[in-house]
Amino acid sequence: MSDFLFDLLQQHDADTVYVCQDKASGLKAMIAIHDTTLGPAAGGIRMKRYASEREAMQDAVRLAQAMTYKWAAAGANLGGGKCVVIGDPASQKTEALLRSLGRFIQRLNGLFLAGADVGTTIADMDLLAQECAYIVPRSETSGDSGPATALGVIQGMRACLQARYGSSELQGRSVAVQGIGSVGWSIVEQLQQAGAVVTIADINPQRVKQLAASLQVTVASPEEIMKLPVDIYCPCALGAVINDSSISELRCQIVCGSANNQLAEERHGELLEQRGILYAPDYIVNAGGAVWSVESRAAGGFNSQRARAAVMHIYETTLAVLDLARAEHISTARAAQLLAERRISAARASNSK
Ligand code: NAD
């Protein structure tokens, strides 16, 4: 007998995985609940063409665990969860499939709160919400999370600048932004307003042309962007960009961007430290969109001022992580984990009293 399922759950200390199928719509989905110590599990719905069911389940559990850490570090009373839908979002994401998924999530009765992720959009959330009361972002409330995520990353940058140079001022600082999608584009706009000197790169030449026509930026090739001698390298495209082959090529002072899972492996956090590069842990600085969206669940409904204040708080959270790393002589990546783990342990201890 293969021990894959329980080994996977144990390896990530995860709670449950729900496997959902609906023949009529072709839905094949998995909902991973990692930890609910702090509150109901919340996380995005990712739709992707997975190579195997095993790969999909691994992704769901790994991403749910990351959400546990993200919420805990952000100070939210939420646990970690994630839904993965197996299929090509371009050709297989139908209304029937989304409605069917909405009914599955509804049946969990609030154990899992869902939002958008890779392969799903805010319009999809509106549709799911017709079947389910536990869909967090909607176009008429929090809307697209990209600009809020960008604002959070900017706050993370300011905290890193404060720690490195003794001033959080972005004016005159050089920033290389890799990927100018929903988040990257908004980061470039905000950097420009703050007077930073920005270089961009994207594999989509149309997007680069469009942005370069409307804002004052320098354009670099996708291969060169992370090798530039800048104050801040800002990865906003892919994960695992900090790896064995790239790490020696970095010439930045700070790494701070929105991309998930930027470190290929945990040890790369220590390697950055050894190279004297300050790393802003990804799930600390990219929590803005998530924090913004869950504001719609607060009493009285979505309030944009309160949501913005919650996103701005990423400055303090990032500084707390950097301070902890310095005090404990550990990498910033480890400090972020420690911060989250301490909060969960404290909640566990008080829950068991
Ligand atoms: P997006 O798909 O809108 O944009 C990604 C951009 O990266 C695209 O323009 C794409 O062409 C470009 N790209 C892909 N490969 C590239 C490469 N090798 N070099 C340069 N550019 C490349 O995605 P997004 O919503 O802007 O998110 C960006 C990253 O931030 C993702 O890793 C996402 O998981 C993460 N993130 C996003 C949010 C959010 O609120 N949207 C929240 C948390 C984390």
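Each residue takes its place number in the sequence, starting with 1. We count ligands from 1, going down the list as the structure has it; atoms in each ligand are counted the same way.
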Can you tell which of [options] gets a heavy atom nearest to [atom]?
| atom | options | value |
| --- | --- | --- |
| atom 10 (C) of ligand 1 | L211, N204, D202, N261 | D202 |
| atom 17 (C) of ligand 1 | D282, V183, I203, V241 | I203 |
| atom 22 (C) of ligand 1 | G115, A237, A116 | A237 |

message: Y233 vs Q178, test: side chain to side chain donor-acceptor pair (under 3.5 Å). Steps then yes/no.
response: CA-CA 8 Å; Y233 159 52; Q178 178 182 42; 2.4 Å; yes

Give the residue, atom name and distance (to 0.1 Å) of the protein heavy atom nearest [atom].
| atom | answer |
| --- | --- |
| atom 23 (O) of ligand 1 | S182 N, 4.5 Å |
| atom 43 (C) of ligand 1 | N286 O, 3.6 Å |
| atom 34 (O) of ligand 1 | N260 ND2, 3.1 Å |
| atom 28 (C) of ligand 1 | C236 O, 3.1 Å |
| atom 4 (O) of ligand 1 | G181 CA, 3.1 Å |

Full working for side chain to side chain donor-acceptor pair (under 3.5 Å) between Y165 and D231: CA-CA 10 Å; Y165 301 115; D231 291 308; 2.8 Å; yes

Would you mind telling me if ligand 1 is within reach of the side chain of [X], the backbone, both or neither, using heavy atoms under 4.0 Å?
| X | answer |
| --- | --- |
| S258 | both |
| L238 | side chain |
| T149 | side chain |

To the nearest 0.5 Å, how far apart are [atom1] in [X] and [atom2] in [Y]?
| X | Y | atom1 | atom2 | value |
| --- | --- | --- | --- | --- |
| N260 | R62 | CG | CZ | 8.5 Å |
| T121 | L98 | OG1 | CG | 8.0 Å |
| I154 | S186 | CD1 | OG | 8.0 Å |

- prompt: Between W71 and Y283, does the ring centre distance come in under 6.0 Å?
  reply: no

field: Residues Y69, E341; criterion side chain to side chain donor-acceptor pair (under 3.5 Å); working and verdict
entry: CA-CA 7 Å; Y69 283 103; E341 282 163 5; 3.0 Å; yes

Close N or O approach ([X], ligand 1; < 3.5 Å):
| X | answer |
| --- | --- |
| K70 | no |
| P222 | no |
| R207 | no |

message: Which residues pass the salt bridge (Lys or Arg N to Asp or Glu O under 4.0 Å) test with R306, not counting sequence neighbours?
response: E295

- prompt: Looking at residues at least two apart in the chain, or sitting in another chain, which of them share a salt bridge (Lys or Arg N to Asp or Glu O under 4.0 Å) with E266?
  reply: none

message: Looking only at side-chain N and O atoms, does D13 offer a donor or acceptor that is under 3.5 Å from a partner on H34?
response: no

message: Any protein heavy atom at under 4.0 Å, with atom 2 (O) of ligand 1 as the reference point?
response: no

- prompt: If you measure from each heavy atom of G289 to ligand 1, is any distance below 4.0 Å?
  reply: no

